Amino acid sequence: LNKWTKFADLQQLIELQLKRKTKENIVKIELKIPDHTVNAGVNIKFEGEVVIRNKKHPVNGDVRYTLCGNCSKMSGQYFEGILQLRNPKPRVINYISRRLAEDPSRGATKIEKIKNGFDYYLTSNKFLMQLSSELKRRFPCRYKFSRELFSQDKLTSKELFRVNILIKILDYEVGDRIKLEDDLYV
């Protein structure tokens, strides 16, 4: 097939593909799939028979388990940027967790707990910029952006940067009164 396909049962996947590729109605499919572990890098060979119009036809094929680009990024230590969250409040952490859960393909490959916060190693700079912008709008914080050249695309020669964004949550909330020297701010 040479196509990314997500599936729960290999037998059903092969049967579905055989039915799609055969122009005639398949009456019966019998497959012999060896026992195997489902991990990236595993290759298996299967064989069997397909019955079309009461005539048996042999079938065989190869299945190679691998990971799509997004899944391979998530399974390794790959990251494009770091969200450095300092002085986090539970509702900020919950907000970040919800956003990461919405689309696991652009999530965190590692979350590091440090003395006064967390470092989120994210697989997408675009998502990192979007998330940090949302945090700035929703929570009172200090924001600091930096980037560092870490590679160059071999095909396009485009420079690739690692982005670090520091979000330091402030100790006050919207509506709090703050007194600096003799002045009162709302």
Side-chain angles (χ1 to χ4, degrees), residues 1-10 13 37-42 64-186:
L1 296 177
N2 296 325
K3 178 181 167 188
W4 293 112
T5 309
K6 200 172 192 174
F7 65 94
D9 180 20
L10 182 59
L13 176 69
T37 58
V38 179
N39 286 323
V42 172
R64 181 178 55 159
Y65 290 97
T66 186
L67 298 174
C68 69
N70 287 335
C71 295
S72 73
K73 284 180 184 179
M74 293 302 292
S75 68
Q77 293 300 312
Y78 176 84
F79 69 98
E80 290 183 2
I82 304 172
L83 173 64
Q84 299 171 309
L85 182 64
R86 302 296 179 260
N87 303 329
K89 295 187 175 10
R91 60 193 196 105
V92 178
I93 295 168
N94 290 339
Y95 180 79
I96 293 171
S97 297
R98 274 196 318 273
R99 290 290 284 127
L100 290 173
E102 286 173 9
D103 185 1
S105 69
R106 59 180 188 185
T109 55
K110 180 166 79 169
I111 301 173
E112 223 175 59
K113 172 106 173 85
I114 58 169
K115 183 179 176 183
N116 60 343
F118 296 92
D119 286 346
Y120 294 86
Y121 292 78
L122 302 177
T123 59
S124 167
N125 274 341
K126 184 177 178 181
F127 178 65
L128 173 59
M129 299 300 290
Q130 182 183 12
L131 180 60
S132 63
S133 178
E134 292 170 12
L135 291 172
K136 278 194 313 186
R137 279 194 313 272
R138 290 177 163 265
F139 307 103
C141 63
R142 288 207 174 115
Y143 173 91
K144 187 175 180 184
F145 170 89
S146 64
R147 66 182 191 159
E148 179 182 352
L149 179 66
F150 83 97
S151 185
Q152 191 169 22
D153 188 291
K154 292 178 178 112
L155 295 175
T156 63
S157 298
K158 181 180 174 184
E159 294 178 328
L160 302 174
F161 291 89
R162 281 227 163 106
V163 173
N164 290 338
I165 295 179
L166 172 67
I167 300 280
K168 187 173 184 180
I169 304 297
L170 300 175
D171 289 331
Y172 59 86
E173 299 286 329
V174 174
D176 285 353
R177 295 177 183 201
I178 300 170
K179 186 174 183 179
L180 293 173
E181 296 174 7
D182 291 332
D183 296 327
L184 184 63
Y185 298 92
V186 179

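The analysis underlying the following values was restricted to heavy atoms, covering all of them including side chains, and did not include hydrogens, waters or symmetry mates. The structure displayed is predicted, hence computed values, not measured ones.
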**Request:** Only counting residues at least two apart or in another chain, list the ones meeting side chain to side chain contact (heavy atoms under 4.5 Å, CB included) with D9.
**Result:** Q11, Q12
**Item:** side chain to side chain contact (heavy atoms under 4.5 Å, CB included) against N164, all qualifying residues, sequence neighbours excluded
**Value:** I82, Q84, S146
**Asked** Which pair of non-hydrogen atoms, one from I169 and one from L85, has the smallest distance, and what is that distance?
**Response** CG1-CD1, 4.0 Å
**Asked** In this structure, which one of L128, I111, I165 forms a side chain to side chain contact (heavy atoms under 4.5 Å, CB included) with L122?
**Response** L128
**Message:** Checking the side chain of E148 only, and the main-chain atoms of R162 only, is there a donor and an acceptor separated by less than 3.5 Å?
**Reply:** no
**Message:** If you apply the rule side-chain contact (heavy atoms from CB on, under 4.5 Å), what do you find for M129 with F145, and how did you get there?
**Reply:** CA-CA 10 Å; M129 299 300 290; F145 170 89; 3.7 Å; yes
**Message:** Under the rule for side-chain hydrogen bond (donor to acceptor under 3.5 Å, both in side chains), what residues qualify as partners of R137, not counting sequence neighbours?
**Reply:** S133
**Prompt:** Looking at residues at least two apart in the chain, or sitting in another chain, which of them share a salt bridge (charged side-chain N to carboxylate O under 4.0 Å, His left out) with R99?
**Reply:** E102, E134
**Request:** Using a cut-off of 6.0 Å, state whether more than 12 heavy atoms not belonging to K126 lie near its atom NZ.
**Result:** no
**Message:** Could you work out, with salt bridge (charged side-chain N to carboxylate O under 4.0 Å, His left out) as the rule, every residue matching K110, not counting sequence neighbours?
**Reply:** E112
**Prompt:** For T156, what residues pass the side chain to side chain contact (heavy atoms under 4.5 Å, CB included) criterion, not counting sequence neighbours?
**Reply:** D153, K158
**Asked** Residues two or more places apart in sequence or in another chain: which of them pass side-chain hydrogen bond (donor to acceptor under 3.5 Å, both in side chains) with D119?
**Response** R86
**Asked** Per the side chain to side chain contact (heavy atoms under 4.5 Å, CB included) rule, which among L131, L166, V163 passes with L83?
**Response** L131
**Request:** Please examine the side chains of I96 and Y120, heavy atoms only from C-beta on, and report whether any two atoms are closer than 4.5 Å.
**Result:** yes
**Request:** Name all residues meeting the salt bridge (charged side-chain N to carboxylate O under 4.0 Å, His left out) criterion together with R91; count only those two or more places apart in sequence or in a different chain, and write none if there are none.
**Result:** E173
**Message:** Can you give me the closest heavy-atom contact between P88 and G117, atom names plus distance?
**Reply:** CD-CA, 3.8 Å
**Message:** Which residues pass the ring pair (Phe, Tyr, Trp, His ring centres under 6.0 Å) test with F118, not counting sequence neighbours?
**Reply:** none
**Message:** On a heavy-atom basis, which atom in K136 and which in C141 lie closest, and how many Å separate them?
**Reply:** CA-SG, 3.9 Å
**Fill in**
With sequence neighbours left out, the residues meeting side chain to side chain contact (heavy atoms under 4.5 Å, CB included) with E159 are L149, F161
**Prompt:** Out of curiosity, F127 CZ to S132 OG, how far, rounded to the nearest 0.5 Å?
**Reply:** 10.0 Å
**Message:** Would you compute the distance between atom NZ of K89 and atom CG of L170 and round it to the nearest 0.5 angstrom?
**Reply:** 8.0 Å
